[in-house]
There are 2 protein chains.
Amino acid sequence: MGASKTDSFSVEQNEMANLFKALSHPARIAIVEYLLTVDSCICGDIVNELPLAQPTISQHLKELKNANIIKGTVEGTAICYCLNPDTIAKIENHFGMIGHKLKNKCC
Amino acid sequence: MGASKTDSFSVEQNEMANLFKALSHPARIAIVEYLLTVDSCICGDIVNELPLAQPTISQHLKELKNANIIKGTVEGTAICYCLNPDTIAKIENHFGMIGHKLKNKCC
DNA sequence: TTGTTTTATCGTAATATTGCAATATAAAAA
DNA sequence: TTTTTATATTGCAATATTACGATAAAACAA
C-alpha cells in the first residue's frame, strides 16, 4: 500500500497527525521560525529567506495554511502571512496534557 | 526530486522536523496515547490494541524509538515500551517558546 | 493597454512512506 | 531438544511527498 489507514483511527488522532505532518519538514519549521522573528505580520519576502525555489515555498505555505498553522490574507500584490495562535495553543495543550499524565507514571 | 533538502537547514530545524515526522501518523499518535493509559510501562500488547498487522506496528514502534519518543527495554519474551519524558518535554518547551513569542505580536 | 511584481498551479521526476505476507530471531515453556 | 510466544526484518506493491521548470493568475504601475 502506501496510504495510511485513516479510517481505522479517531478524528482527533488524524487531526493531531495532520498537524504534525504539516510541521514535519525543515523548510516548514524554518517558515514558522521566520514568521516568529518578523515584527509584524506583513511579510512577502519568505522566498528570499529560504534556499528553495518559489513554487516549492508556495507549496509549503499551502500545507501550513491547510493545517491552519498559518493564516494568509491578501495585501495588494503581496500576501500577508502570520501564525495562527489558536493552532499553536492547541498543540501546546496537547503536550502539556501528555507531560502532566507522564508525571504520574513510573518513567 | 522527492528527498528533502536537509543540508539547507540547521541541525535544530531538522531535529524538530524529525520529531514531528515521527508523530505524523495516526497509528503512532494512537500508540503514544495507549502508552499514556497504561499504568506501568510493562506493555507487550500493543498489537492487540491497534487495527494493524504486527509487522506494521513493529515498524511504527521502530520509528518512535528512533525519534527517541519511546524507550524499549527487553523484558524476557516481551518488550517493555514507555514514553521518553525528556523528548516530550523538549516538544512541550518548543511550543511554549513559540506561544510566548506570539504573545508579543499583532496576531 | 502593456509591463512588472508577486503568488499559485500544473506537470513530472526522484524519493519516501505505508502496509503486510513471509520469514527470521530470541527467549521461555514443555 | 522441540514448541510456543513475542518481536524484528525483508521484500514488494501502492501511494504520498518533495522539488522545480514552465506557466498562469492577480494586482498594480506606467
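Here the structure is a predicted model, which means the values were calculated and not measured. Order of the sequence lines sets the chain letters (A, B, ...), proteins ahead of strands, with each chain counted from 1.
Note: B/K5 NZ to A/L50 CG = 10.5 Å, rounded to the nearest 0.5 Å. Here the straight-line distance linking atom CD of A/E63 with atom CD1 of A/I70 works out to 10.5 Å at 0.5 Å rounding.
Residues from residues 57-64 of chain A that place a heavy atom under 4.0 Å from any atom of DNA chain C, listed by number: A/S58, A/K62. Contacts with DNA chain C (heavy atom under 4.0 Å) in residues 9-21 of chain B: B/K21, listed by number.
Regarding A/L50, its CG atom lies at a distance of 16 Å from the C1' atom of C/dT6, rounded to whole Å. When rounded to the nearest whole Å, the span between CD1 of B/I46 and P of D/dT7 equals 8 Å. At whole-Å resolution of the value, NZ in A/K5 and P in D/dT15 are 14 Å apart. Spacing between atom CG of B/N66 and atom P of D/dT9 amounts to 10 Å, rounded to whole angstrom units. Separating the NZ atom of A/K71 from the P atom of C/dT7 is a distance of 19 Å, rounded to the nearest angstrom. Rounded to a whole Å, the CD atom of B/Q54 is 14 Å from the P atom of D/dT10. Taking atom NE2 of residue B/H25 and atom C1' of nucleotide D/dA16, one finds them 11 Å apart after rounding to whole Å.
Of all nucleotides listed (C/dA8, D/dT15, C/dT18), D/dT15 comes nearest to the side chain of A/A3. For A/S4, taking side-chain heavy atoms from C-beta onward, the closest of the listed nucleotides C/dC20, D/dA8, C/dT18 is C/dT18.
Here the shortest heavy-atom pairing between A/L52 and A/I57 reads O-CD1, 3.6 Å.
When atom types are taken as modelled, the side chain of A/T87 and the backbone of A/N68 share a donor-acceptor pair closer than 3.5 angstrom. Under a 3.5 Å cut-off, the side chain of A/R28 and the backbone N or O of A/A22 do form a donor-acceptor pair.
Classification of the B/F95-A/F95 ring pair by plane angle, with boundaries at 30° and 60°, yields parallel. Using cut-offs of 30° and 60° for the angle between ring planes, the B/H60 and B/H25 rings count as tilted.
The residue A/T56 sits close to a base: some heavy atom pair falls under 4.0 Å.
Nearer to the 5' terminus of DNA chain C, by closest-nucleotide assignment, is the contact made by A/T6 (compared with the other of B/P55 and A/T6).
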Stepwise side-chain contact (heavy atoms from CB on, under 4.5 Å) check, B/Y81 with B/L61
CA-CA 9 Å; B/Y81 282 114; B/L61 287 169; 3.6 Å; yes
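The side chain to side chain donor-acceptor pair (under 3.5 Å) analysis of residues 10-21 of chain A, with sequence neighbours excluded, yields the pairs A/S10-A/Q13, A/Q13-B/E33.
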